[in-house]
2 protein chains.
Amino acid sequence: MAELQAKLHERRYKLTPQRIQILQAFLDNHTQHLCAEDVYGILRSKSSEIGLATIYRTLELLSELEVLHKMDFGDGCSRYEINETSVPHHHHHLICLECGKVKEFEGDLLETLEAMVAEKSNFRIVDHQLKFYGYCQECQKDRGDRSE
Amino acid sequence: MAELQAKLHERRYKLTPQRIQILQAFLDNHTQHLCAEDVYGILRSKSSEIGLATIYRTLELLSELEVLHKMDFGDGCSRYEINETSVPHHHHHLICLECGKVKEFEGDLLETLEAMVAEKSNFRIVDHQLKFYGYCQECQKDRGDRSE
DNA sequence: CTTAGTGCAAAACCTTTGCAACTCT
DNA sequence: AGAGTTGCAAAGGTTTTGCACTAAG
């Protein structure tokens, strides 16, 4: 949160109650991947008068400042998570094709691959994203664990 | 294309001119990742009277049939590519953050990782997707190849 | 013939934008 | 005071849906 203040100040942006509330929502729900509508719901339920447009604008801003990280899980809206800047810890996501649940997976074994790809392609690679799709334990049961 | 006919027949779906045209568009442009609007443009320019809704419905259907593969490159629309069923060849994508260009990268070194993740998470993993983000050769030049 | 598929227009989403009022610094 | 920020409402873009009509099997 102090980090937010610093980053805003650095670029002459203002520290408003709305921005604080939005970041707080992510701090309070750091296990989830919130979308704009989620944040809106959370803040409204705390009797905040915030507007949805402000949330969209703030999420975009916080992504630019690298405080949040924008992600897409294919459910029709952009989702965000806090960007843990301390360590360049890459975690990836398992997405259940049945219920949509998203589970995180720690570990980054892709550095060597990334270096190879960078060399072959002449891209300067700055990030990567790995997603696994499958069926979570509960949905395997529900589906009778059949192979399709 | 014969494969399409077989898969449609199997599920009592009909082989319509529209469905043929849409698949043909992908066959004719197999280097690109077309979105609904792209397909619409291509077919309209070939004086087809097809409707956009039909394209959306067909893209969804062909994804279900695993003839196409739905992807998201974060540009606001879903893009599709032909699903090469012959070999389970996994290719991945390099996305230029500057110009949006998408380059493909062959190779699948993720099997062992996938198996590890599956075991730890109790997910039954059926697919994965890896994206690298960076700057392509041209955009590196334009940006003066600076490190940000 | 029967059922599925089509085209159109309208609706449903998510997201962005214009603008007057407002508020951090 | 002044630049940035907000909330609202309207507009934008993509995707979905209802429905009468058409066409594949």
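Numbers restart at 1 for each chain; the letters A, B, ... are given by sequence-line order, proteins then strands.
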Original post:
Which heavy-atom pair separates B:N122 from A:Q140 by the least distance, and what is that distance?
Top reply: O-NE2, 2.9 Å
Original post:
Closest heavy-atom contact between B:A25 and B:L43?
Top reply: CB-CD2, 4.2 Å
Consider the side chain of [X], meaning its heavy atoms from C-beta on, and name the nucleotide among [options] that approaches it most closely.
| X | options | value |
| --- | --- | --- |
| A:E60 | C:dT16, D:dA3, D:dT15 | C:dT16 |
| B:Y56 | D:dG25, D:dG7, D:dT16 | D:dT16 |
| B:R57 | D:dA24, D:dT17, D:dT6 | D:dT17 |
| B:Y13 | C:dA4, D:dG25, C:dT15 | C:dA4 |
| A:A53 | D:dA24, D:dA9, C:dT15 | D:dA9 |
| A:C77 | C:dT15, C:dT3, D:dT15 | C:dT15 |
| B:R19 | C:dC24, C:dT6, C:dT15 | C:dT6 |

Using a cut-off of strictly less than 4.0 Å, decide whether [X] has a side-chain nitrogen or oxygen near OP1 or OP2 of [N].
| X | N | answer |
| --- | --- | --- |
| B:Q18 | C:dG7 | yes |
| B:T16 | C:dT6 | yes |
| A:T54 | D:dT5 | no |

In whole angstrom, give the distance that lies between atom [atom1] of [X] and atom [atom2] of [N].
| X | N | atom1 | atom2 | result |
| --- | --- | --- | --- | --- |
| A:Q5 | C:dC24 | CD | P | 13 Å |
| A:Y40 | D:dC8 | OH | C1' | 10 Å |
| A:F73 | C:dC14 | CZ | P | 17 Å |
| B:E49 | C:dG5 | CD | P | 21 Å |
| A:I20 | C:dT23 | CD1 | C1' | 13 Å |
| A:L59 | C:dC14 | CG | C1' | 13 Å |
| B:L52 | D:dT14 | CG | P | 10 Å |
| A:D72 | D:dT15 | CG | C1' | 14 Å |

Original post:
When all nucleic acid strands are considered with a 4.0 Å heavy-atom cut-off, which category describes A:R44: base, sugar-phosphate, or nothing?
Top reply: sugar-phosphate
Subject >> A:E81 side chain to A:H91 side chain, donor-acceptor N/O pair below 3.5 angstrom >> reply: yes
Subject >> Comparing B:S78 and B:K14 on DNA chain D - which has the more 5′ nearest nucleotide >> reply: B:S78
Original post:
Taking the nucleotide of DNA chain D with the closest heavy atom to each, which residue, A:I55 or B:C35, is nearer the 5' end?
Top reply: A:I55
Subject >> B:H92/B:H128 aromatic ring centres below 6.0 Å >> reply: yes
**OP:** Determine, step by step, whether B:Q21 and B:S48 satisfy the side-chain hydrogen bond (donor to acceptor under 3.5 Å, both in side chains) criterion, reporting the C-alpha distance in whole Å, the side-chain angles of both residues, the deciding distance to 0.1 Å, and the verdict.
**Re:** CA-CA 9 Å; B:Q21 288 165 35; B:S48 167; 2.7 Å; yes
Original post:
Does the distance from a Lys or Arg side-chain N to an Asp or Glu carboxylate O, for A:K46 and A:D28, drop under 4.0 Å?
Top reply: yes
